[in-house]
Asker: 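Here it is, the structure in full.
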Protein chains: 2
Amino acid sequence: MRVSQVTREGKYAQSSVPRQLVYGTMVYVRQTIVRDASSALARAVCIATRYSAVRRQFGSKKGTLETQVLDYKTQQARLFPLLASAYAFRFVGEWLKWLYMDVMKRLQANDFSTLPEAHACTAGLKSLTTSVTADGIEECRKLCGGHGYLCSSGLPELFAVYIPTCTYEGDNIVLLLQVARHLIKTISNLGSGKKPVGTTSYIGRVEQLMLYHSDVQKVPNPDYPGPEVLLPSAFPCCSARLLVKPLAGDIPCPFSYHLGHFTVVSDLTSHDFAEDWLKPNAVLGAFEARAAKKLVACAQNLSKFTNPEEGFQELSADLVETAVAHCQLIVVSKFIEKLQQDITGKGVKHQIQLLCSIYALSLLHKHLGDFLSTGCITPKQGSLANDLLRSLYSQVRPNAIGLVDAFNYTDHYLGSVLGRYDGDVYPKLYEEAWKDPLNDSVVPDGFQEYIRPMLKQQLRNARL
Amino acid sequence: MRVSQVTREGKYAQSSVPRQLVYGTMVYVRQTIVRDASSALARAVCIATRYSAVRRQFGSKKGTLETQVLDYKTQQARLFPLLASAYAFRFVGEWLKWLYMDVMKRLQANDFSTLPEAHACTAGLKSLTTSVTADGIEECRKLCGGHGYLCSSGLPELFAVYIPTCTYEGDNIVLLLQVARHLIKTISNLGSGKKPVGTTSYIGRVEQLMLYHSDVQKVPNPDYPGPEVLLPSAFPCCSARLLVKPLAGDIPCPFSYHLGHFTVVSDLTSHDFAEDWLKPNAVLGAFEARAAKKLVACAQNLSKFTNPEEGFQELSADLVETAVAHCQLIVVSKFIEKLQQDITGKGVKHQIQLLCSIYALSLLHKHLGDFLSTGCITPKQGSLANDLLRSLYSQVRPNAIGLVDAFNYTDHYLGSVLGRYDGDVYPKLYEEAWKDPLNDSVVPDGFQEYIRPMLKQQLRNARL
């Protein structure tokens, strides 16, 4: 209504205000969707992480308890990248809020220069974060085993309510095609001297990036302080009881921002080498080069078509992959930028650093084909990243509960028996089971007349 | 009960019958799960494919209809690999039925030699097929756009009822670890001269496979007959009306096995080169080498641990990937074996060949990192596979409806407005909407008293 008018007689009148202004609203709505993605994913991850600490299965040695499911590497390899994503999306969401403010300020000053980039950026991030969150919620359900399927786990409803985001406000695949179109336009305009701005500025360095080969290697480095881990007893006021026996007199302080409580102690295991993949520049370089090389390959393939639109249709699956590579680069780079800011709370920054590495390296492992086929990294470097991931998972493990407590969700909001703050899962599950109408009577209505005769193969007696 | 006893007093008595016999039942149950996976995935794919032919969006040129969604490459790249998977799982399911019979025959003759391999095989295939099917149903829902979210699309219920299969009868990740354990055992036993059997027999050629480098290239080959496509009008008794205007006097013959109706016509586009990736041996070689090389890498990493069990825990995420590579090899090889059998119906075999190539090459593209990092293929060969995939999608496109009609599902069984055989989607969607209780009245109960005042910001008048 701000830029167009409909008369009382129902006639539509276009305004003289530039069309671009309507994009402002789109940018606004999409940045809220990104922030919501973070909080939905955080909710699922919180439930799955807490329950994985409560649930024990197998691995019992004479008389000892069985292993906490959270200690299994397969559980960690599925759960911790999602935990890292929840944090990543929160930080990119914060930045998007700034981006929106910046765009609005510029629009009011009739400066439309950053609008196309901001539009592509929010479209792409809406697509990326909602797809990962929708799949992530379902993965968290599976991580809870059979109990995740129960309504009382809170996960089925969260999934059902969340998943339309992949389709509304722009179908996620269609949005990625819009991003790809913007990227192709940006790289095509380089020749005319138009400098890419904001999240596309790396495209300005495309010639340099085409020559990129990662120099990551495993070198001994005695100066490297080594990864730090938190002793569980160092944060008694978190739900540390899920990890260790509570300290005497430990009173939980519910719902405070637990992330402030981290205290750092020296590493429990020995790490006598520096791992280059922990360096932000090593990660950023590889992600930039991958995105740039994929974009150039697409642009080259497109140029073989006489009709560009036909080429765009034909190559659209590749263009979608290129857009994803670009969007992942944005999230990784904003995560790294966040770490350059002041982060208060002793030890908190280090925890976030671990998550940042997990986020980036798990993506690198998942999209290894991209990084290898573009020659950004070697198979050996890919394998180093994978080895490092395992070690990062071990380092996050003692703090996993603290890191989800830090989301500061009340039990009421989580709505999950499995994700209870106090970890008192099994008695409450039993109480929930009593609420099932099937349990109103010992033998459900109709069993004697209809079901029992069938089970006993006395169909003649069944009242069907 | 066949192998153990519980006395009337409640005491458990182990029988003298070999423990292995109980695995027979597991093999039976899991092979039925694989066949069910095929039919659930086929159901979702049938709905999404039919609706993608009905649904039109964008791309209208003056006065013409908009583009059928099924014609978009991004839609094809998501849908057709699932269509191919539905066929692949059907064929591997048929083979598993034979495997079960074979195992039972052997057990009765006290031959336990193939049981561990058969057990690992069914465990792995249960895991692979149910994971792909669960994710595939959700992907099909997204492929139907906003309408896929409606209950009347049939997809939400299909998803909700299907997904527990990923957890029951063995959690899918735990099963893959069992497969990995079997594979590690198989390769460790090579030294003692124990020859791998059945689906693991390729491990016997491990030394040869370690040297494998694909020789796939793009070569002109005038002898190659070129891909064939089916003219839509050649199968009037399928629901060809979704593709083209029906022929005069066209009477649908509902629910017959439509696959028999394919007729082959010569290619519509020019293909003057042979693509090596269409050769079954090129595909099989790459999949065998990938599985073998991943297995050897795991075995080598495991040998670095003094405690093998600790190593198995630590490397479990890699072991899961190795098991997946092995299971995908089984499905690909059984698909190729199926094509060596007689397939009746003119042109049917060619359609199945296309799907086989799509199944294998889309996996190769998805797991490109595996194939590149193990040196099985080069980036150039990976790129050729990707180019070929696009062309295969175009070739499957005219027959897509025929290929899902061939599943022979009744509308009643599909339970989907979007997947109706007659394609009469929109009037029926409207009818379904009338069934929503919200539509019982023009203005829903409570709107005037509670909601309107809030919308009009007259909270004082609201009866809350």
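Chain letters run A, B, ... following the sequence lines, proteins first and then strands; every chain starts at 1.
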Asker: Short of 3.5 Å, which donor-acceptor contacts do chain B and chain A share? List atoms and distances.
Answerer:
{"unit_1": "B:Tyr149", "atom_1": "OH", "unit_2": "A:Ala160", "atom_2": "O", "d": "2.4"}
{"unit_1": "B:Ala160", "atom_1": "O", "unit_2": "A:Tyr149", "atom_2": "OH", "d": "2.4"}
{"unit_1": "B:Asp318", "atom_1": "OD1", "unit_2": "A:Asn386", "atom_2": "ND2", "d": "3.0"}
{"unit_1": "B:Asp318", "atom_1": "OD2", "unit_2": "A:Arg390", "atom_2": "NH1", "d": "3.1"}
{"unit_1": "B:Glu321", "atom_1": "OE2", "unit_2": "A:His365", "atom_2": "NE2", "d": "2.6"}
{"unit_1": "B:His365", "atom_1": "NE2", "unit_2": "A:Glu321", "atom_2": "OE2", "d": "2.6"}
{"unit_1": "B:Asn386", "atom_1": "ND2", "unit_2": "A:Asp318", "atom_2": "OD1", "d": "3.0"}
{"unit_1": "B:Arg390", "atom_1": "NH1", "unit_2": "A:Asp318", "atom_2": "OD2", "d": "3.1"}

Asker: Output all residues satisfying side chain to side chain contact (heavy atoms under 4.5 Å, CB included) with B:Ala317, sequence neighbours left out; order by chain, then residue number.
Answerer: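 Here the qualifying residues are A:Ala77.
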Asker: Out of B:Gly375, B:Pro379, B:Pro164, return the one with the most heavy atom pairs under 4.5 angstrom to chain A.
Answerer: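 Sorted descending by pairs with chain A, the first entry is B:Pro164.
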Asker: Is it the side chain or the backbone of B:Ile173 that comes within 4.5 Å of chain A heavy atoms, both, or neither?
Answerer: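 For B:Ile173, the contact with chain A is made by the side chain alone.
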Asker: Please look at A:Phe371 and chain B and tell me whether the side chain, the backbone, both or neither of the residue comes under 4.5 angstrom of a heavy atom of that chain.
Answerer: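 No part of A:Phe371 comes within 4.5 Å of chain B.
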Asker: Under the side chain to side chain contact (heavy atoms under 4.5 Å, CB included) test, which residues partner B:Ala44, sequence neighbours left out?
Answerer: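 For B:Ala44 the side chain to side chain contact (heavy atoms under 4.5 Å, CB included) partners, ignoring immediate neighbours, are B:Ile137, B:Cys140, B:Leu155, B:Leu158.
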Asker: Can you tell which part of B:Ile163 gets under 4.5 Å to a heavy atom of chain A, answering side chain, backbone, both or neither?
Answerer: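 For B:Ile163, backbone and side chain are both near chain A.
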